[in-house]
**Q** 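Have a look at the structure that comes next, please.
Residue numbers start from 1 in every chain, and the chains themselves are labelled A, B, ... in the order their sequence lines are given, proteins ahead of strands.
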2 protein chains.
Amino acid sequence: MTTNKLDTLEPLGSLSMTDRVENSLRLYFTESGFKPGDSLPNEQEMAQKLNVSRNVVREALSRLRMLGMIEARPRRGMVIAQPDLLVGLEKVMNPSLLSQDNLKDVFELRLILEMGIAEFLFARKTEQDLNELEAIVASQNDATVVSKEEEIAFHGKLYEMTGNDTFKRFQTLLMPTFDHVFTGYYNQSKKIEIPNPVTHYDLFKILKTGTVEEFRKAMYTHLAVYFASIL
Amino acid sequence: MTTNKLDTLEPLGSLSMTDRVENSLRLYFTESGFKPGDSLPNEQEMAQKLNVSRNVVREALSRLRMLGMIEARPRRGMVIAQPDLLVGLEKVMNPSLLSQDNLKDVFELRLILEMGIAEFLFARKTEQDLNELEAIVASQNDATVVSKEEEIAFHGKLYEMTGNDTFKRFQTLLMPTFDHVFTGYYNQSKKIEIPNPVTHYDLFKILKTGTVEEFRKAMYTHLAVYFASIL
DNA sequence: AAAATTCATTTGTAGGACAAATATAATGAT
DNA sequence: ATCATTATATTTGTCCTACAAATGAATTTT
């Protein structure tokens, strides 16, 4: 609890002007109740008000612009924009830079997500979804040993079927990292060579004619090969 | 599939020099196989190499610095750093700016996550965790109608018990947004006034002495009040 | 050889300049 | 008076120069 509070406390001495201006602007935007489409004061005004150079203001604005929080129309001024939720995550997601701890957490996160989507799948599956999923399963020759691409195709389709676009994109972000960690744990081969007691076809069949409970149980077994390495 | 490929294609004309330098630097860092701790060329060199002003380079670097991908030690040069996975998400998470679609997705995401953590909870629960959880449950006078704070305390503890720090922080990010959407769907009151057939105490008891399957079933019923509004 | 001093390096910050395009105002034509 | 044309002001994007301050390296002094 107390540590949580301290998380927002940054080492003041190390904060550059740009950092402080960024914070000030964020505060200003929310305090002023700005909504997407509202126009902002120009850079010079901000700089004067904050008593810093226009350079510093621009560096701070550049950050917010990257995240899609503001938009600058050259020679017409800036407006508040509607940031995309995952753009920040996309920008940071770089397996070779992330810490081992973060990578492990991502690894687990995927498992948590896959276990959690059962309800949504059954609530939202359509005939067409099932047909597409069947096509994906049918194209997989060896049912017990699937390639990385086949794995992504099948599970990706499941994420897509949740009807949650953010969720689907989230998966697209996590998958490479997941794979990076997984192959790191096992070996450097490109194939996931572990035979699976519950195949993609099994999962498909249950999703088509079975129940939520059955599906989740099957999915658990299907994922157990990953779980086993960390739980 | 084709749309996915196009996602990475930005409108070239609208790309500012800063945008392009940011992309160039990202490419440069990964292509060069930079690892955390490696030192970077100085700003002037980059500017000359890229044939842009130092201002543009600094604006791009400012972005990477915000995300924690690089660190600048004044007068000693810059080094590649280890970005925190969620820092980008934190920076963007602002309920009043996010789109209605994004908000809805976050809402669903929480439900998916809560349904997915059962395995981890049972695999990693400790005596101390259970004691703390019991204390939280005990402090809630009316078992069927809990306040927002009590809700956060209980479920927050669950996330914490997964032992996945990123996951826990992820929840801290999602919760306010979730609440924002939920209260928006129902009313403006601060209390979640809907009586719940499965109480926190029930969940606690199952987590202590029950099975994974029992817990998930109970959690489903517990969350059904939220599910009902969107599924 | 050790200590003190000087020097070069590099980020952070400030401030000035101007191109280009847009919106607005002013001017001119009918 | 109305419309079309022209001039003006605005504002972001980009470039340039300058300098403070602290660090680390190089140099000089003792």
**Q** Nearest whole angstrom, please: distance from the P of C:dT10 to the CD1 of B:I70.
**A**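 Rounding to the nearest Å, CD1 of B:I70 and P of C:dT10 are 15 Å apart.
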
**Q** Please find out if less than 6.0 Å separates the ring center of A:F170 from that of B:F170.
**A** yes

**Q** Between A:N51 and A:R75, which is nearer to the 5' end of DNA chain C once each is assigned its nearest nucleotide?
**A**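 The residue mapped nearer the 5' terminus is A:N51.
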
**Q** Given D:dT14, C:dG12, D:dG13, which nucleotide is nearest the side-chain atoms of A:R65?
**A** D:dG13

**Q** May I have the distance from A:L61 (atom CG) to D:dG13 (atom P), rounded to whole angstrom?
**A** 9 Å

**Q** Given the structure, check if the side chain of A:N55 and the base of C:dG15 hold any donor-acceptor pair shorter than 3.5 Å.
**A** yes

**Q** Consider the side chain of A:V56, meaning its heavy atoms from C-beta on, and name the nucleotide among D:dT12, D:dC15, C:dT13 that approaches it most closely.
**A**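 Of the candidates, C:dT13 comes closest.
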
**Q** Rounded to whole Å, how long is the line connecting atom CD of B:Q44 with atom C1' of C:dA8?
**A** 15 Å

**Q** Are A:D19 and A:R63 ion-paired here, with the side-chain N under 4.0 Å from a carboxylate O?
**A** yes

**Q** Does B:N42 reach a base, just sugar-phosphate, or nothing at all? Heavy atoms under 4.0 Å.
**A**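 Touches sugar-phosphate only.
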
**Q** Just to confirm, is there a sub-4.0 Å distance from OP1 or OP2 of C:dA14 to any side-chain nitrogen or oxygen of A:S53?
**A**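 Yes.
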
**Q** Could you check how far CG of B:L50 sits from C1' of D:dT14, rounded to whole Å?
**A**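 Taking atom C1' of D:dT14 as the reference, CG of B:L50 is at 14 Å.
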
**Q** Taking atom C1' of C:dT11 as reference, at what distance in whole Å does atom CD of B:E45 sit?
**A**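 My rounded result for the distance is 14 Å.
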
**Q** Assess whether a salt bridge exists between B:E71 and B:R65, defined as any Lys/Arg side-chain N lying under 4.0 Å from an Asp/Glu carboxylate O.
**A** no

**Q** What is the distance, to the nearest angstrom, from the CE atom on A:M17 to the P atom on C:dT11?
**A** 19 Å

**Q** Heavy-atom nearest nucleotide on DNA chain C for A:R76 versus A:R54: which residue maps closer to 5'?
**A** A:R54

**Q** Under 4.0 Å: is that the gap between some side-chain N or O of B:R58 and OP1 or OP2 of C:dG12?
**A**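 Yes, such a contact exists.
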
**Q** Between D:dT14 and B:T18, is there an OP1 or OP2 to side-chain N/O distance shorter than 4.0 Å?
**A** yes

**Q** Please confirm whether the ring centroid of B:F167 lies under 6.0 Å from the ring centroid of B:F120.
**A** no

**Q** Base, sugar-phosphate or nothing for B:E43? Non-hydrogen atoms, less than 4.0 Å.
**A** sugar-phosphate

**Q** To the nearest Å, how far apart are B:E59 CD and D:dG13 C1'?
**A**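 Taking atom C1' of D:dG13 as the reference, CD of B:E59 is at 8 Å.
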
**Q** Could you state the CD-C1' distance from A:E71 to D:dT12, rounded to the nearest angstrom?
**A**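 Taking atom C1' of D:dT12 as the reference, CD of A:E71 is at 14 Å.
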
**Q** In plain terms, say whether A:E45 and A:K49 are close enough for a salt bridge, that is, a side-chain N and a carboxylate O under 4.0 Å apart.
**A** no

